[in-house]
Number of protein chains: 2
Amino acid sequence: MSAIMQLEPNIQTNTNLELGLDGVAWVFKALSDPARLKILRYLASDAVGCCGDGICGCDLEDITGLSQPTISHHMKCLLSANLIQAEKRGKWMYYNLDTRGFKAVQAYLEQCC
Amino acid sequence: MSAIMQLEPNIQTNTNLELGLDGVAWVFKALSDPARLKILRYLASDAVGCCGDGICGCDLEDITGLSQPTISHHMKCLLSANLIQAEKRGKWMYYNLDTRGFKAVQAYLEQCC
DNA sequence: TCCTTATATCGAAATGTATCGATATGTTAA
DNA sequence: TTAACATATCGATACATTTCGATATAAGGA
């Protein structure tokens with residue numbers, strides 16, 4: 001599995017939802033950081049963000065207390081795991097949850113429990 | 001978050017099932033390795049193991065192709081996340097799934113999706 | 001008791017990750 | 001066009017993780 005820096009898996013939900021253990025592990029790795037969990041939980045909430053029409057990067061600096069480059073890194077990580085979607089509007093990036101990553105790990109977990 | 005070597009979280013499912021983001025992240029980290037996912041999936045199957053009465057360490061060396069010390073390390077990691085339970089019988093360690101870790105991450109995921 | 005086997009721990013090497021400051025890129029507003 | 005701002009990338013640092021060989025511990029059997 002390669003580094004997050006030269007990001008790799010944007011693990012396509014190939015033809016179906018099955019992802020293989022490497023792909024599932026990649027999504028779990030994206031979920032294995034408290035700051036990223038905080039970000040995802042915030043995206044899942046009904047918060048509107050500082051611009052009133054979505055959550056952008058500066059909102060996430062506020063709620064995590066992390067620097068802008070660090071947030072950018074975390075969002076790239078979540079994108080590569082298909083846990084979020086990003087859309088550029090003006091100079092802002094707006095983020096939303098992407099169900100594909102969540103479904104992939106839930107499918108694995110259901111095999112176990 | 002501390003290293004896995006000087007293992008720390010055996011994150012007690014404190015009083016209830018709520019675990020806090022650090023605790024949940026710790027479980028996700030234990031789930032973020034393909035070898036460990038393979039081990040858990042094997043423990044969830046109806047395989048009986050080489051001794052016929054449960055899955056022990058040597059079974060896991062076979063299915064992962066990893067060395068004995070590496071397996072031992074992975075099992076310690078899964079234990080610390082409450083994803084498995086271990087029981088010593090004779091000179092063997094027998095492993096089973098522990099629902100607590102799974103429930104913790106599933107509870108988090110349900111907040112998101 | 002001594003040997004064999006299962007597991008755990010230690011030490012080390014290679015690689016991966018989180019974080020930030022500095023800087024580059026791109027977009028809006030003046 | 002220029003200034004201000006949001007985001008991305010680079011480079012560096014500190015630390016974490018995976019893996020194995022060597023060795024220790026513990027249990028059973030000859």
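In what follows, chains are A, B, ... by sequence order, proteins preceding strands, each numbered from 1. Keep in mind that what you see is a predicted model, and the values were worked out from it rather than measured.
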Does the side chain of [X] reach to within under 4.5 Å of the side chain of [Y], using non-hydrogen atoms?
X	Y	answer
Cys112(B)	Tyr108(B)	yes
Thr64(B)	His74(B)	no
Asp98(B)	Leu83(B)	no

How many Å lie between [atom1] on [X] and [atom2] on [N], as a whole number?
X	N	atom1	atom2	result
Ile55(A)	dA6(D)	CD1	C1'	16 Å
Phe28(B)	dT17(C)	CZ	P	17 Å
Leu78(B)	dA8(C)	CG	P	12 Å
Lys76(B)	dA6(C)	NZ	C1'	17 Å
Asp33(A)	dG16(C)	CG	P	18 Å
His74(A)	dT9(D)	NE2	C1'	16 Å
Leu31(A)	dT17(C)	CG	C1'	16 Å

query: Is there a chain of hydrophobic side chains (I, L, V, M, F, W, Y, each step under 4.5 Å between heavy atoms) that links Leu78(A) to Trp92(A)?
result: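 Per the 4.5 Å side-chain linkage, Leu78(A) and Trp92(A) are not co-clustered.
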Per-helix bend value, the helix from dT1(C)-dA30(D) to dA30(C)-dT1(D), C1' rotation axes over five pairs per end, 10° rounding, shows 20°
- Query: Quick one: is His73(B) getting a side-chain N or O under 4.0 Å of the dT18(D) phosphate, OP1 or OP2?
  - Reply: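 For dT18(D), OP1 or OP2 has a side-chain N or O of His73(B) closer than 4.0 Å.
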Q.
If you compare every side-chain N and O of Lys29(A) against the phosphate oxygens of dT17(C) (OP1, OP2), does one of them come in below 4.0 Å?
A. yes
*Go through Ile84(A) and Met75(A) one step at a time and tell me if the side chain to side chain contact (heavy atoms under 4.5 Å, CB included) criterion holds.*
CA-CA 8 Å; Ile84(A) 61 169; Met75(A) 301 319 276; 3.6 Å; yes
What residues 86-98 of chain B contributes to the DNA chain C interface at heavy-atom separation below 4.0 Å is Lys91(B), Trp92(B), Met93(B), Tyr95(B)
From Leu21(A) atom CG to Trp26(A) atom CH2, the distance as rounded to the nearest 0.5 Å: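 Between Leu21(A) CG and Trp26(A) CH2, I get 15.5 Å after rounding to 0.5 Å.
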message: Would the distance check show the side chain of Arg36(A) and the main-chain N or O of Ala30(A) forming a donor-acceptor pair, the cut-off being under 3.5 Å?
response: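 Side chain of Arg36(A) to backbone of Ala30(A), a donor-acceptor pair under 3.5 Å: yes, one is there.
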query = Where the side chain of Asp59(A) meets the backbone of Gly49(A), is there a donor-acceptor pair that is under 3.5 Å apart?
reply = no
Throw together a table of side-chain donor-acceptor distances under 3.5 angstrom for residues 37-45 of chain A, partners on residues two or more places apart or in other chains.
| unit_1 | atom_1 | unit_2 | atom_2 | d |
| --- | --- | --- | --- | --- |
| Lys38(A) | NZ | Ile63(A) | O | 3.4 |
| Ser45(A) | OG | Tyr42(A) | O | 2.6 |
| Ser45(A) | OG | Ala47(A) | N | 3.2 |

**Study point:** Verdict with reasoning, Val27(B) to Asn82(B), per side chain to side chain contact (heavy atoms under 4.5 Å, CB included)
**Key:** CA-CA 8 Å; Val27(B) 184; Asn82(B) 289 332; over 6 Å; no
Expected list for residues 38-48 of chain B near DNA chain D, using heavy atoms below 4.0 Å, is none
All N/O pairs under 3.5 Å across the protein-nucleotides 20-25 of chain D interface:
| unit_1 | atom_1 | unit_2 | atom_2 | d |
| --- | --- | --- | --- | --- |
| dC20(D) | OP2 | Ser67(B) | N | 3.0 |
| dC20(D) | OP2 | Ser67(B) | OG | 2.8 |
| dC20(D) | OP2 | Thr70(B) | OG1 | 2.6 |

*Please name all residues satisfying side-chain contact (heavy atoms from CB on, under 4.5 Å) with Gln68(B), sequence neighbours left out, ordered by chain then number.*
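Residues passing side-chain contact (heavy atoms from CB on, under 4.5 Å) with Gln68(B): Glu61(B), Ser72(B).
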*Verify the distance criterion only: is there a donor paired with an acceptor across the side chains of Tyr94(A) and Asp53(A) at less than 3.5 Å?*
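Note: Tyr94(A) and Asp53(A) side chains meet the donor-acceptor criterion.
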